[in-house]
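Here is how names work: the chains are called A, B, and so on, in the same order as the sequence lines, proteins then strands, and each is numbered from 1. Remember, predicted model here, so these are calculated numbers, not experimental data.
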Protein chains: 2
Amino acid sequence: MEKKQRKLPDSCGLGPALAVIGGKWKALLLWQIHQAQPCRFGELKRLQPEISEKMLIQHLREMEADGIIHREVFHQVPPRVEYSVTPEGAELDLALAPLAEWGKEHQERTGRAKAGAARAARTAAEGATLG
Amino acid sequence: MEKKQRKLPDSCGLGPALAVIGGKWKALLLWQIHQAQPCRFGELKRLQPEISEKMLIQHLREMEADGIIHREVFHQVPPRVEYSVTPEGAELDLALAPLAEWGKEHQERTGRAKAGAARAARTAAEGATLG
DNA sequence: TAGGTACCTTACTTTTTTGTCTGTACTTGT
DNA sequence: ACAAGTACAGACAAAAAAGTAAGGTACCTA
């Protein structure tokens, strides 16, 4: 197991929380699994083509170890693995909502000049992920 | 300006939020400044001796650029700089609360074996930061 | 003149995180 | 036979974040 982790200072519980959700794609994955439950590995890959396979499984494994998602293997001929969020993961998703809300407001307040062009391009190209 | 940043994928606003608060000590700093407002540089240094001065100003500057803290310079003989949270920063602090709550519960659920000893040691040594 | 305080800045090194690429085992389609 | 699909594993490299150590200003005290 290659888990060295940044080791965040914990006071008030934020450290542990950020350790769990702090990976580059983890929040996104949690949210997507929560949406399309249960979700197969290949499905997640297709939903977020920018994530490399390595990061995808790495994050999935860590999230499983942290108890926020559940992994179920079906011993079939083309292997089949399904991911779903645990109750704990669902709570985390919920706890993340105010932060997401703040983030949205924040990017509206600031990201006009820089994000404007980039966002427009992305939106036109792929149809925007959420809002 | 050396701001390359991890570039989190944004959907639902979590990306921007984590970009703002994702640094190793940022959440802690925000919380501490919020507590002891207004707060001097040296004060923060004393409150969190583990942060190197470099990371301290680097984080403070980034947080200032992100508009969550305010920096005021008094041109005095030993220089004096005071930091305080902006309204936006206060909102972020608030939005962080549920996450912190989740983190606390999470570490209670899990961190018995490993955190137990370490926490006990720290608690005895310095009297615990929050809870 | 040396040392101390407060608030940084800069150069450099280490650690952590993320990405790229190649390979596995097995089956189905052509 | 060979490509394609599924769900990974592992070596290696690049990038980003964090840390270390030294210096710098401006003034004050001993």
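For Met55(A) and dG10(D), the CE to C1' distance is 15 Å, given to the nearest whole Å. Rounded to whole Å, atom P of dG19(D) lies 12 Å from atom CD of Gln48(B). Distance, Leu18(B) CG to dT17(C) P: 15 Å, rounded to whole Å. The distance from atom CZ of Phe74(A) to atom P of dT6(D) is 16 Å, rounded to the nearest whole Å. Atom NZ in Lys54(A) sits about 11 Å away from atom P in dA11(D), given to the nearest Å. Atom C1' of nucleotide dC8(D) and atom CD of Gln58(A) are separated by 13 Å, given to the nearest angstrom. Atom CD1 in Ile51(A) sits roughly 11 Å away from atom P in dT18(C) (whole-Å rounding). Rounded to whole angstrom, the span from the CD atom of Glu62(B) across to the P atom of dT9(C) amounts to 12 Å.
Taking Arg61(B) as the reference, Glu64(B), Arg71(B) meet the side-chain contact (heavy atoms from CB on, under 4.5 Å) condition, with sequence neighbours excluded. Partners of Glu88(A) by side-chain contact (heavy atoms from CB on, under 4.5 Å), not counting sequence neighbours, listed by chain and number: Thr86(A), Trp102(B), His106(B), Arg109(B). Partners of Ala90(A) according to the side-chain contact (heavy atoms from CB on, under 4.5 Å) rule, which considers only residues two or more places apart in sequence or in another chain, are His34(A), Val85(A). In terms of the side-chain contact (heavy atoms from CB on, under 4.5 Å) criterion, residue partners of Ala100(A) (sequence neighbours excluded) are, by chain and number, Leu14(B). Applying the side chain to side chain donor-acceptor pair (under 3.5 Å) test to Gln37(B) and every residue at least two apart in sequence or in another chain returns nothing.
Under the 4.5 Å side-chain heavy-atom criterion for grouping Ile, Leu, Val, Met, Phe, Trp and Tyr, Phe74(B) is not connected to Ile57(B) through any hydrophobic cluster.
Looking at heavy-atom distances under 4.0 Å, His75(B) makes no contact with the nucleic acid at all.
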Below 3.5 Å between N/O atoms, which protein atoms pair up with nucleotides 5-7 of chain C? Just atom names and distances, please.
from: dA6(C); atom 1: O3'; to: Arg40(B); atom 2: NH2; distance (Å): 3.1
from: dA6(C); atom 1: O3'; to: Pro79(B); atom 2: O; distance (Å): 2.9
from: dC7(C); atom 1: OP1; to: Arg40(B); atom 2: NE; distance (Å): 3.3
from: dC7(C); atom 1: OP1; to: Arg40(B); atom 2: NH2; distance (Å): 3.1
from: dC7(C); atom 1: OP1; to: Val81(B); atom 2: N; distance (Å): 3.3
from: dC7(C); atom 1: OP2; to: Gly42(B); atom 2: N; distance (Å): 2.9

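In the helix from dT1(C)-dA30(D) to dT30(C)-dA1(D), the end axes, each obtained as the rotation axis mapping the C1' atoms of four pairs onto the next four within a five-pair block, lie 30° apart to the nearest 10 degrees.
Put simply, His59(B) has no side-chain N or O that comes within less than 4.0 Å of OP1 or OP2 on dA17(D).
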Could you list the donor-acceptor pairs under 3.5 angstrom formed by side chains in residues 39-47 of chain B, with sequence neighbours left out?
from: Arg40(B); atom 1: NH2; to: Pro79(B); atom 2: O; distance (Å): 3.3
from: Glu43(B); atom 1: OE1; to: Arg40(B); atom 2: N; distance (Å): 3.0
from: Lys45(B); atom 1: NZ; to: Glu53(B); atom 2: OE2; distance (Å): 2.8

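Comment: Lys26(A) engages Glu62(A) in a salt bridge, judged by a side-chain N to carboxylate O separation of less than 4.0 angstrom.
Residue pairs meeting the salt bridge (charged side-chain N to carboxylate O under 4.0 Å, His left out) criterion with at least one member in residues 89-102 of chain A, sequence neighbours excluded, are Glu101(A)-Lys104(A).
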